[in-house]
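Take a look at the structure set out below.
Numbers restart at 1 for each chain; the letters A, B, ... are given by sequence-line order, proteins then strands.
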Number of protein chains: 2
Amino acid sequence: MKIDPNSSSDLSAQIAKSIRDAIISGDLIVEDRLPSEQEMAEQFDVSRPTIREALKRLAAQSLIRTQRGAFGGAFVRRLSYEDARKQHITTSTLLLSMNDISFDTACQARYAMERSCVGLVVENRNETHLEAMKHELNVQQQPDLSDEGFCASDIGFHRALVDGAGNPVLSYQMAGAIEAMQPLMNMITFTDRSRAEIVTIHTALLAAAAERDAEQLESQLTRLENYTLKLGRSVFERRREKRAEKNDNNARTMFSSILRPDESAP
Amino acid sequence: MKIDPNSSSDLSAQIAKSIRDAIISGDLIVEDRLPSEQEMAEQFDVSRPTIREALKRLAAQSLIRTQRGAFGGAFVRRLSYEDARKQHITTSTLLLSMNDISFDTACQARYAMERSCVGLVVENRNETHLEAMKHELNVQQQPDLSDEGFCASDIGFHRALVDGAGNPVLSYQMAGAIEAMQPLMNMITFTDRSRAEIVTIHTALLAAAAERDAEQLESQLTRLENYTLKLGRSVFERRREKRAEKNDNNARTMFSSILRPDESAP
DNA sequence: GCCTTTTTAAATGCCAGACCTTTAAATGCC
DNA sequence: GGCATTTAAAGGTCTGGCATTTAAAAAGGC
């Protein structure tokens, strides 16, 4: 294996890439053991810390797992649906929060995608999915539920709905669109009135899923999209303004509150 | 900041998580500079290599970028659409390749999602999108095009199509569904006959997009789904069989090497 | 001869300290 | 004032080492 020490990028990045490529291409398959750090250091002609940095990069992508002890080492890891979900959600969340994406755009993409599940849901939904939706619907009607709790249950409801399509790949893809909006939704204050409206729509969605009524499912999702849009727009406007302010006084050290709790007195 | 040295997970993983959380929560925003590695080592009470491993984890997720020299350091990075796309495609590709997901399931999810763009495409597609589709269509008709080249152009065609929806978030989400199938599609041998059929469908898709004909767009996508399914099934069956064989061989190899290392030569 | 305990070797996890390279600000010269 | 030089800060890498974990091998007891 050849690594170019004069390349512009880090050695550890190059090494990580070369191992990643081997995994993607199938040269390394699930549960294969990589050579020990010492051996790889010799093969790539770099030091052990450099190899370790490369391995940490791969670990961050859930591509490998390491095991200590004799006959331990780094092993190619099977990327589970749950791992993939989490990564997808994290990436999507950050994409939304860092790029001045309008609430409208995110919302439009989300509901377009969610509607794409309708056909499969009416075909494949079973009692388990309906029960899960019903359960979340009950949670959403608790009067003392916090906004965050309401929002989390909302996510749970829609997750149950798309799971009803019976296609795990589709569920995984949907997670990025639906759950990544949670931080945005959490900025919304759900009044009693808006909660009631959402619960009404959710009730209609549940009924439509139970009756395998695709048209109704689709139109209620569109109704929910429009209502969400309405709720979100005012919040989003405020958010834009705040961000503009923030950019003015960005001299403040964000990290001090997190990493240097002792430096309060100058 | 407190890091538990007795926790089950690595110190570098804990540190990476604590910084990642600060980014996700908004305590650290784009272009904020993290303290130097030396300073963080002191604050977290760990050594510099450990901090570096944590930073490499974050770099692997495109959350930070580092810059050498005076006043350099690690900076919170704006996750671009392209970075997010790449990560999403990598994750999706690995999910598909590592989990014995049937071609049918992947295909079903992909086309369900792609159909969800139809409404927005007929509304928002412009000449640029149509031109891009036309260009790929020409490429696909080159007689000396390799299967990989055909496949890549196919991806390009569909990318142009979903870009026609005019929603970058949707385009990003679609990439995971469409491009992640490229390795699977690359296993297919595209005969002249099958290329002709696909080109016919693509031509119909282009025409439908040009004419803003949603129904036609949707039905041609379904036609393409069915045809792709047909092409893929034979390949997929062979693939399953090969994997089954491999598993047998692996089992036998491990069995003999671990339990009966001396019985290799009869 | 079989089971339990102890030892041991191979890994990763972590650290200290050093040197090199890059970079931009500070300095000094003209 | 403008340009070249110096300098200090920061990341990139290496050497070498110690600690910890773990499973296999060896030793011991019944």
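When the nucleotides C:dA25, D:dC14, C:dC14 are ranked by their closest atom to the side chain of B:Asp10, C:dC14 comes out on top. Comparing D:dG11, C:dG13, C:dA9 against the side chain of B:Glu37 picks out D:dG11 as the nearest.
Taking 4.0 angstrom as the limit, B:Ser12 places none of its side-chain polar atoms (N or O) nearer than this to OP1 or OP2 of C:dG13.
For A:Asp83, the side-chain hydrogen bond (donor to acceptor under 3.5 Å, both in side chains) test picks out A:Arg77, A:Ser80, with sequence neighbours left out. Residues satisfying the ring-ring contact (aromatic ring centres under 6.0 Å, His included) test with B:His158, not counting sequence neighbours, are B:His202. Partners of B:Lys17 by salt bridge (charged side-chain N to carboxylate O under 4.0 Å, His left out), not counting sequence neighbours, listed by chain and number: B:Asp21. Residues satisfying the side-chain hydrogen bond (donor to acceptor under 3.5 Å, both in side chains) criterion with A:Ser25, sequence neighbours excluded, are A:Asp27. When the salt bridge (charged side-chain N to carboxylate O under 4.0 Å, His left out) test is applied to A:Asp104, the partners found at least two apart in sequence or on another chain are A:Arg233. Residues meeting the side-chain hydrogen bond (donor to acceptor under 3.5 Å, both in side chains) test with A:Thr93, sequence neighbours left out: none. Applying the side-chain hydrogen bond (donor to acceptor under 3.5 Å, both in side chains) criterion to A:Arg65, with sequence neighbours excluded, gives A:Glu31, A:Gln67.
Contacts classified as ring pair (Phe, Tyr, Trp, His ring centres under 6.0 Å) and involving residues 160-187 of chain B (residues at least two apart or in different chains) are given here: B:His88-B:Tyr172. Sorted by first and then second residue, the pairs that involve residues 39-49 of chain A and meet salt bridge (Lys or Arg N to Asp or Glu O under 4.0 Å), not counting sequence neighbours, are A:Glu37-A:Arg48.
Atoms CD (B:Gln67) and C1' (C:dT21) sit 14 Å apart, rounded to a whole Å.
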Return a single string for nucleotides 15-20 of chain D, one symbol per nucleotide in 5' to 3' order, where B is base contact, S is sugar-phosphate-only contact and - is none, cutoff 4.0 angstrom on heavy atoms.
B-B--B

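Residue B:Ile155 holds its CD1 atom at 7.5 Å from CE of B:Met185, rounded to the nearest 0.5 Å.
Near DNA chain D, meaning a heavy atom under 4.0 Å from it, residues 50-65 of chain B has B:Arg52, B:Lys56 in order of number.
Along DNA chain C, the nucleotide closest to A:Gly72 and the one closest to B:Ala70 are compared, and the more 5′ of them pairs with A:Gly72.
In DNA chain C, stems built from 3 or more consecutive Watson-Crick or G-U wobble pairs, each with both distances under 3.5 Å, span C:1-30 with D:1-30.
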